[in-house]
**Student:** 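Okay, here's the structure, questions in a sec.
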Amino acid sequence: MPSVLPSSLSPHICILPSPDLDQLLQSSSLPPLPNILQSFSPLPDVTTRTTSLVSIPHTSFALRFSDLAEIEHACNEDEDERAVRMLDWISARISKRCAKWVRDIERLGGDLDNPRTPWWDELRRCAEGDHVPAKTEGWNHPVAVIFAVSTTAPNPLQAINALHSRALQFPPWVDTTFLRYTLIVHPQNSPLSDEEAGALFNAVKKQYGLHSYLLSLNLPTTPPPPVPVPALIPRLPLPPSPDSSVAKPLNPDPNEPTSPTFPTVLNTLRMEENDIKHTARFTREFVVMSLVPWMEKCVLDWNETFSSNRRLPSRLFSSTRRLFGSPSPTPPIHSASASISSLPGRASPSMPSNGVANPPSQQRRLAEFSTILGDFKLAVMVWESLRKENKGGSDILPLLLSPSPTLPLHASTALSNIKSQSTDPPPHAQLRALLYAKASGGLYGRLVMFAEEAPSALLLAHAALLSTKKQAIRRAAFWYIDAANRLEKCGIKPLTMYFLRKAKELYKMESRKSLSPSFWESEGKSPNNLDDFGGIISGIEHPLGRLLYTTGDVAGAVRVFLGLLRGSSNLHHPSNASSDNVSKWTESDKAYLDDFRVAYAHLSTTEPDKIAAADLKIPIRFCVEGQTRIKFLTGSVNDDASTWDELEETWRTFWKSRGGKEGLVDRKKACTGELIWVDLMLRNPLDAELNLTEISLVVHEKSGAELTSTNVFVEVETIDEVILGPRESRTVPVSLKSQRATSLVITSATYKFLSYLRSTEHLASRGRRLHNTAAQRQKPAYAPDIPLRVDIAPASHKLLVSFVEDSHLHLIQGETKVLTLSLSNAGLAPVEEIWMVGADDGIWLHSDDDESESTPAAEVIRSQNSLKPQEPLRLPITRIEPGESLNLPVILHAEQADTHELNLMFVFRESNTGPFHCTRLTWTYEVQPLFYVVATAEPSRAQGRSYVVNVDVTSRSMSSTVKLSQITTLSPLWRCGPLTGSDFGTVPPHQCVRLLLEANPWHDGVGSQETLDFLSEQLGSVLRGADVKSSDPPSIDLLCSHTSKFPPNSVQKTAMRHFIHSNRRKFTSHNISQVHPYIPSMTYPSIFPLYNPASVDILVFWEIPMQQRFGHVSLYGLTLGARHGVLHSMIEEAESAKVKRSMYTETQKENLEVLDAIKGSEWNMEMDPVALSIQQPNIISHDFSKGPCRLSIAFNLRNHSLTHGVRCTLRMSPEPTSSSPNSSSPLPAPYFGRLTFRDSIPPCQTVTIRPKVWISQPGTYSLNGWILETEVSWPVSNQARQQRYRQEPPSREGSYLIIHDSRT
């Protein structure tokens, strides 16, 4: 329970002074009597008694003194009008003082644990200064009235009688139960002597009782020095009287400054020490001898009445009724001096027939008096009774009860009683909630928070302060923002800016509820990153900047507006954000930019010297880190660095394999006098258009570990202006040229932001993450930044390589183009040896192959069958002197439709023994789609062929008609030929042509079985976890079958063989990477061969005569023939092997996935090798009058296996004829004679079985009554391995026999 109640809950004492007393005090330079007595409040060490006569010591007992006439006048004012004036008056006082408060806090600082809040103190004092009685409670109703006179009056006794006989001007709802006290002030210069004054005092006591006092004062004519006394609580000025429009305060406020900068004046009294002692003695005797005993007597009397109404039978019956019967309302308490309680809302004061409110009830006055006297046990009991009867009490109980969860419920009930149904609370409700909040320290401030007034804003600020002490910093920041928004509407700018700064500080504070460090590391963010609050902080800083600008702090406004330019990319808004949100972000960035332009222009015009002192820096970057590229005449230094490193490693491996010891000189990116372009990737992170001017580079020379200036020998270009649209990215090339050989470091880029602010951005990239030590693994540590460096070499070894054709070439899919490669020696030494690295990208040296002999219809080429890329090619040159040029023809084949970048590295040297130098060539070309080729195969029913291959060629060209000139197939085991002719004709745009080919086995080639054995051995090593032998697959013969109306193009040409090998290698490598992702790509050449022996590759040659274009399109992935799971035994061995236990579950999972991938790969395919076809006879006519018809049906069984023979069993199932001849469904063929046929079929052979049918009546007969069983066996590790298959007729397809009666 609180030991000291708020002063607003202290006894209110009204004083009615006589005119002579007012004149006496004024002549003695003293304030009115209420102000004098208020200076002695609170009284220390006052003791009160409870109803049970228990003494309660009060360390501080507060009193409130007011002028009776002013209180009477204030009671006649309308409640809403007074509330409006009260809120406006508080706002005006805070607005007048807040500037000095903020300056003092910023100058003196403050205690972080107990920060100074003078605005809350001012708000609390203004609320405590409300002494006017209210209809809803009795705290401000006068407890005592002091009738004060002086002995300087002509007739003091008559003056006292006049004061006592004066009728009080209170409204009827003011409680008139109060103590009447008489005070006689006897000054030293009084016309009455001390004896006469004593006689007057005795006469007054006889007439008006013992509640009287004779106060003797010296009051010298010369005022003594002022004595400091406690400051007076400010009072609301009185409403303007009908004859005057100027309102005057209840009492003059000595602390009221004349200007916001006026220093605070102490409240003083010009009284002698004896007078002060006498006045203090009177105040204490008034309280101890009169006021407190009178209140205690009232409490005893009222408590007796209260207790009599709550006697035991009544309580018992009410409890029984509450538990077992229907509830009934408690009857109201009536007395001679009080009616029922007057409470707001539902507990409104009772209104008699005349419409005038009644004073507070005796029960409520009992609760208030017992609260003032400190009898909290009785007070809580009475307040609880009032609360249960819905007559109030919820507003006071939180002040008397111990902390518990019920306190917020009491506060909510009190607020619901005064809150109206409208959205905005009325003024009197706001004022009442403000008084509740003042008394409870903010507990009741919820209602007033809905109002757009300065008091509500200060309540929000106080709630923020309390939340900060509870470490709820996010909530506190929100309250500060809300308070600042309301104060800005009220025009109180200093406090608005202060609260905005406080909210910004709180949002930047690190939350104590931190996440795991691994979370920030996985997200790639810093724990102190405020990007998630970017929108909130921008909403704080933008109004703060505008307030700074309007208050004259232009430099601060510029700094704030510049800090707002963080970019909407940092807000992490979702990609599917609504258009409204996107427009808000766009408008925000544009508003920030516009405000910065205006503020910076104003600052540069009025105070240019402050710009340098402000040290303004842009918070965003325009140069994208890690995407700056250096370009030369031969390409980019950063672009596809892995590609160039791979080419260099390819060259070193190749040259080492040939026994060469000459190394490759560290590549110098440029030569002296040669232009270098630095491509700056500029990205505008803002949703607004802006411009950057005077874009340039800062270049230093690296000599040892130091960087020196390069202004003497390096020329750097300056870009005048670049305009970037909202969130636009653009590459801006800036050229530079060095006149001497050195090492240059491009440290940063410079520009002027919006043509105003010079800014510099570093171009170095962050180093790699370090994991060497435990500390580096626990806390992220990075290697030193990687600078943007370029080496300038002397122009002694310089080879310029380029294509004579246009820089961007447009080709058609599969087109073969002859290009001219230009080699120019721009160095000082001759060049005798040049190698081209990267020929596997579809380019080859043009050579005049011997074409005198005609190309046969079938060719056999020997393939190395390896996935190794093409080795570097030596260019056919003799010597290129300095300044000379040489042109070489090359052939480019565009296989895939896309935009391609050709990366070639040329390695050259001066002599056969000198070191090698290199240069690069990057060339981009675009390939347009031409064909969409699809090939399918199915077993043939004809005797002379095994498969029929359907090749569908669909044109994807928009306008060109393409002529098909040749079809070539490449296969180690299959020979293909035309089935319908060799004239394929033309393919119009968006049309399709189908080509039919027949395929038969070819056994003359070598290398197929060796290839399977090699693959089985290498994959076995993979499954066993052993090291894979670094060996090449065996060579294999490829049969190239040509189909063409004219002499075919030979595939024996060097360039054609290179393109076939290169395209096949790309297809096989890509297929392996998709099927076997856990096998390293570097081991592909040692494990997998280039060709599957069962594969058939198709080349479709085309030409466009009108455009003189020609080429060929390749199709891969078609396989023919039956296979028998050649890897099955190896897989069974791996599955049955003892599994090694591993603590890493992922490793075991990867091993199982590798095994499953090998089991389901194309190398381990398994299928039924036998295909059955029925030679369906034509319609047969038979004379059934001569007897049944007996026929033999030919069943052809073809073994499509290229390596294994099979044993077959064909079983015929005769079914009786149950359908009538007129039935629409076919009849089952009645087989007779031999019904089971067994035979052996060698590889790629066909046998014919002829079962017989017995037809007794004409009709349609189904020949599907058969079952074919196939058995394949071969020896594996001295054991016979068998595979069995079973075929039945398809349910939807079948063969039928139709027989007519020749007589019909």
**Student:** Using the six-membered ring wherever Trp is involved, compare the ring planes of F622 and F753 and label them parallel, tilted or perpendicular (cut-offs 30° and 60°).
**Tutor:** tilted

**Student:** Please give me the minimum heavy-atom distance between A599 and F561, naming the atom from each residue.
**Tutor:** CB-CD1, 3.9 Å

**Student:** For the backbone of D687 and the side chain of D589, can you confirm whether one donor and one acceptor N or O come within less than 3.5 Å of each other?
**Tutor:** yes

**Student:** Let me see the working for I792 and I676 under side chain to side chain contact (heavy atoms under 4.5 Å, CB included), right down to the final yes or no.
**Tutor:** CA-CA 10 Å; I792 308 297; I676 307 171; 3.4 Å; yes

**Student:** Kindly write out the residues that satisfy side-chain hydrogen bond (donor to acceptor under 3.5 Å, both in side chains) with Y498, not counting sequence neighbours, or none if the list is empty.
**Tutor:** none

**Student:** Looking only at heavy atoms, which two atoms of E715 and Q739 are closest? And how far apart?
**Tutor:** OE2-NE2, 4.0 Å

**Student:** Can you see which heavy atom on A783 is nearest to which on L770, and at what distance?
**Tutor:** N-CG, 3.7 Å

**Student:** Is the backbone N or O of R909 less than 3.5 Å from a side-chain atom of E832, with the two atoms forming a donor-acceptor pair by type?
**Tutor:** no

**Student:** Go through the steps to decide whether V831 and E910 satisfy the test side chain to side chain contact (heavy atoms under 4.5 Å, CB included), and finish with yes or no.
**Tutor:** CA-CA 5 Å; V831 177; E910 180 181 356; over 6 Å; no

**Student:** Please tell me if the side chains of L809 and K817 come closer than 4.5 Å, counting only heavy atoms from C-beta onward.
**Tutor:** yes

**Student:** Using a 4.5 Å cut-off on heavy atoms from C-beta on, say whether the side chain of L823 contacts that of L875.
**Tutor:** yes

**Student:** Ignoring hydrogens and geometry beyond distance, is a side-chain donor-acceptor pair present between E901 and W923 at under 3.5 Å?
**Tutor:** no

**Student:** Please report the closest heavy-atom contact between E761 and R621, naming both atoms and the distance.
**Tutor:** OE2-CA, 3.3 Å

**Student:** Hey, could you give me the CZ/SG distance between R683 and C623, rounded to the nearest 0.5 Å?
**Tutor:** 11.5 Å

**Student:** Hey, what do you get for CZ (F713) to NZ (K737), rounding to the nearest 0.5 Å?
**Tutor:** 14.5 Å

**Student:** Give a yes or no answer on whether the side chain of T747 reaches the backbone of V698 with a donor-acceptor pair at less than 3.5 Å.
**Tutor:** yes

**Student:** To check you understand the geometry: which heavy-atom pair defines the closest contact between D785 and R766, and what is its length?
**Tutor:** OD1-CA, 3.6 Å

**Student:** Would you check if V678 and T628 make a side-chain contact, meaning some heavy-atom pair closer than 4.5 Å?
**Tutor:** yes

**Student:** Can you name the nearest heavy-atom pair linking I540 to A503, along with the distance?
**Tutor:** CD1-CB, 3.9 Å

**Student:** Dump the intermediate steps for side-chain hydrogen bond (donor to acceptor under 3.5 Å, both in side chains) on E926 and Q928, then the final yes or no.
**Tutor:** CA-CA 7 Å; E926 185 177 354; Q928 301 293 335; 2.9 Å; yes

**Student:** Between E541 and R501 (salt bridge meaning N to carboxylate O under 4.0 Å), is one present in this structure?
**Tutor:** no

**Student:** Measure the spacing between CG of L675 and NZ of K631 and express it to the nearest 0.5 Å.
**Tutor:** 12.5 Å

**Student:** Please check: side-chain N/O of E505 versus main-chain N/O of K502, any donor-acceptor pairing under 3.5 Å?
**Tutor:** no

**Student:** Among D594, D595, D553, which residue meets the salt bridge (charged side-chain N to carboxylate O under 4.0 Å, His left out) test with R546?
**Tutor:** D595

**Student:** Check whether any side-chain heavy atom of V907 sits under 4.5 Å from a side-chain heavy atom of T919, and report yes or no.
**Tutor:** no

**Student:** Look up atom CZ in R777 and atom CZ in R769, then write down how far apart they are to the nearest 0.5 Å.
**Tutor:** 10.0 Å

**Student:** Is it true that, when you exclude N772 itself, more than 12 heavy atoms of the residues, nucleotides or ligands shown sit nearer than 6.0 Å to its CG?
**Tutor:** yes

**Student:** Do the charged groups of K798 and E674 touch, with an N to O distance under 4.0 Å?
**Tutor:** yes

**Student:** Measure centre to centre between the rings of H542 and Y592, then say whether the value is under 6.0 Å.
**Tutor:** yes

**Student:** Hey, could you give me the OG1/CD distance between T496 and E488, rounded to the nearest 0.5 Å?
**Tutor:** 6.0 Å

**Student:** Checking N825 against S885: is there a side-chain donor and acceptor pair closer than 3.5 Å?
**Tutor:** no

**Student:** What residues form a side-chain hydrogen bond (donor to acceptor under 3.5 Å, both in side chains) with T693, not counting sequence neighbours?
**Tutor:** none

**Student:** Under a 3.5 Å cutoff, is there a donor and acceptor pairing between the side chains of T742 and E701?
**Tutor:** yes

**Student:** Sub-3.5 Å donor-acceptor pair from the side chain of N903 to the main-chain atoms of T922, do we have one?
**Tutor:** no

**Student:** Can you list the residues that meet the side-chain contact (heavy atoms from CB on, under 4.5 Å) rule with K617, with sequence neighbours excluded?
**Tutor:** D615

**Student:** So among F908, W644, F906, F916, which one has a ring-ring contact (aromatic ring centres under 6.0 Å, His included) with W651?
**Tutor:** F916

**Student:** Is any side-chain heavy atom of P726 closer than 4.5 Å to one of L686?
**Tutor:** no

**Student:** Looking only at the side chains, is there a donor atom on one of Q813 and E815 sitting less than 3.5 Å from an acceptor on the other?
**Tutor:** no

**Student:** Any donor and acceptor pair, going by atom type alone, linking the side chain of R566 with main-chain N or O of P685 inside 3.5 Å?
**Tutor:** no

**Student:** Any luck finding a side-chain donor-acceptor pair between D791 and S743 under 3.5 Å?
**Tutor:** yes

**Student:** What do the steps show when you test D679 against I630 for side chain to side chain contact (heavy atoms under 4.5 Å, CB included), and what is the final call?
**Tutor:** CA-CA 6 Å; D679 286 349; I630 299 180; over 6 Å; no

**Student:** Does the side chain of M836 come within less than 4.5 Å of L845's, by heavy atoms?
**Tutor:** yes

**Student:** Taking only Lys NZ, Arg NE, NH1 and NH2, and the carboxylate oxygens of Asp or Glu, determine whether E694 and R758 approach each other closer than 4.0 Å.
**Tutor:** yes

**Student:** Examine distances only and state if a side-chain atom of S738 and a backbone atom of R740 form a donor-acceptor pair shorter than 3.5 Å.
**Tutor:** yes

**Student:** Is a donor on one side and an acceptor on the other found under 3.5 Å between the side chain of D898 and the backbone of H900?
**Tutor:** no

**Student:** Please check: side-chain N/O of S759 versus main-chain N/O of Y751, any donor-acceptor pairing under 3.5 Å?
**Tutor:** no

**Student:** Within the side chain of E884, is there an N or O that forms a donor-acceptor pair under 3.5 Å with the backbone of E881?
**Tutor:** yes

**Student:** For the CD1 atom of I834 and the CG atom of L886, what is their distance to the nearest 0.5 Å?
**Tutor:** 7.5 Å

**Student:** Taking the side chain as every heavy atom from C-beta outward, state whether P882 and P830 have any pair of such atoms under 4.5 Å apart.
**Tutor:** yes

**Student:** Before you tell me yes or no, could you show the steps for N887 and L821 under side chain to side chain contact (heavy atoms under 4.5 Å, CB included), namely the whole-Å CA-CA distance, both residues' side-chain angles and the distance that decides it to 0.1 Å?
**Tutor:** CA-CA 5 Å; N887 293 335; L821 189 66; over 6 Å; no

**Student:** Looking at side-chain heavy atoms only, is the closest gap between V890 and W844 below 4.5 Å?
**Tutor:** no

